[in-house]
Amino acid sequence: MSLVGATPISRSMLGGEAPEVAPLLLGKILASSVGGERVVGRIIEVEAYTEADPASHTFRGPTDRNRVMFGPPGHLYVYLSYGIHRCVNVVTGTEGSGQAVLIRALELLDGVETARRRRARPDRELADGPGKLCKALAIGAEHDGIDALARSSDVMLLDDGVPPPRRPVTGPRIGISKGVDTPWRFRVSGPS
DNA sequence: AAAGAGATGGTCT
DNA sequence: GACCATCTCTTTT
């Protein structure tokens, strides 16, 4: 598989509701060039969050923190989790609608050496969690709101032609206390 | 192998 | 003052 020729995904792909868009992001590529070091991974696990969803940061309407989620699709919503970790989302839906897809795990394709240095963990733990992958790709608060479909961005969403899984594994989202009934976690088949 | 607990700070009530 | 869209280390089976 070659990453040469991979192009930003189409913005129209992100215009639907997060639970519909989320499985379409499986197989797409998240590429970082932060600090001049390239780290690239294929998206293998995601979760959807919508405005009508009690687990979502947007459930109680727009605030200073979540305003990016109400903005245009394709931009990144980066937030601080548990006071320690950064997590990255791709905004979906029409402008004003307050929804996004959380990127939960990557299969690294390039820049593994850099990821090892940033993470200092066994290879299988370099990007197998939302906070872990942000550290591997050096995604931080400064990337909140950037357009992941713009060629000038340090963090980009790419498509190399690999189709999403025909039948992704679905299940409840992780680490939430409300909205546990909605099966809005999606993963390519493989180790959980 | 599994379970438990502490870290740590922004956001919202 | 409570609550986290998590991770890592320590303790226990």
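Every chain is numbered from 1, with letters handed out A, B, ... down the list of sequences.
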Exercise for the section: Answer with base, sugar-phosphate or nothing: what part of the nucleic acid does A/Arg119 contact at a heavy-atom distance below 4.0 Å? Expected result: sugar-phosphate
Exercise for the section: Compare the minimum distances between each of B/dT8, C/dT6, C/dT8 and the side chain of A/Arg121, then state the nucleotide with the smallest one. Expected result: C/dT8
Practice task
Check every atom of B/dG9, C/dA5, B/dA7 against the side chain of A/Leu80 and return the nucleotide holding the closest atom.
Solution key: B/dG9
Handout entry: Interatomic distance, A/Arg86 CZ vs B/dA7 C1' [rounded to whole Å]
Key = 15 Å
Completion exercise
Against the side chain of A/Lys132, the closest entry in C/dC7, C/dT6, C/dA5 is C/dC7
Exercise for the section: Supply the atom-to-atom distance A/His57 NE2 to A/Thr63 OG1, rounded to the nearest 0.5 angstrom. Expected result: 9.5 Å
Exercise for the section: Choose from B/dT11, C/dC4, B/dT8 the nucleotide whose nearest atom is closest to any side-chain atom of A/Arg65. Expected result: B/dT11
Handout entry: Check: A/Asn66 side chain, A/Gly98 main-chain N or O, donor-acceptor pair, under 3.5 Å
Key = no
Practice task
Look only at the side chain of A/Ser97 and the backbone of A/Thr94, and say whether a donor-acceptor pair between them is shorter than 3.5 Å.
Solution key: yes
Practice task
Please report, rounded to the nearest Å, how far the P atom of C/dC3 is from the CZ atom of A/Phe59.
Solution key: 17 Å
Exercise for the section: Confirm from the modelled atom types if A/Tyr82 and B/dA7 form a donor-acceptor pair under 3.5 Å, side chain to base only. Expected result: no
Completion exercise
From the candidates C/dC7, C/dA5, C/dC4, the one with an atom nearest any side-chain atom of A/Ser177 is C/dC4
Practice task
Would you mind pulling out the nucleotide paired to B/dG10, Watson-Crick or G-U wobble, both distances under 3.5 Å?
Solution key: C/dC3
Exercise for the section: Remember a base hit wins even if backbone is also touched, and classify A/Leu102 as base, sugar-phosphate or nothing at under 4.0 Å, heavy atoms. Expected result: base
Exercise for the section: Send over the distance from A/Arg124 CZ to C/dT8 P, rounded to a whole Å. Expected result: 13 Å
Exercise for the section: Under 4.0 Å between any heavy atoms, over every strand shown, what does A/Asn89 touch: base, sugar-phosphate, or nothing? Just pick one. Expected result: base
Completion exercise
Against the side chain of A/Ile84, the closest entry in C/dT6, B/dT8, C/dT8 is B/dT8
Problem - Atom-to-atom span, OH of A/Tyr79 to P of B/dC12 - whole angstrom - result: 14 Å
Exercise for the section: Output yes when a side-chain donor or acceptor of A/Glu47 lies under 3.5 Å from a complementary backbone atom of A/Ile103, and no otherwise. Expected result: no
Exercise for the section: Is it possible for you to say whether A/Ile139 and A/Ile43 belong to one hydrophobic cluster, with membership spreading through side-chain heavy-atom contacts below 4.5 Å? Expected result: yes
Fill in the blank from the handout: Which of C/dT6, B/dT13, C/dT8 is nearest the side chain of A/His85? It is C/dT6
Exercise for the section: Calculate the interatomic distance between A/Arg60 atom CZ and B/dG10 atom C1'; express it in whole Å. Expected result: 16 Å
Completion exercise
B/dG4 -> Watson-Crick or G-U wobble partner, both distances under 3.5 Å, gives C/dC9
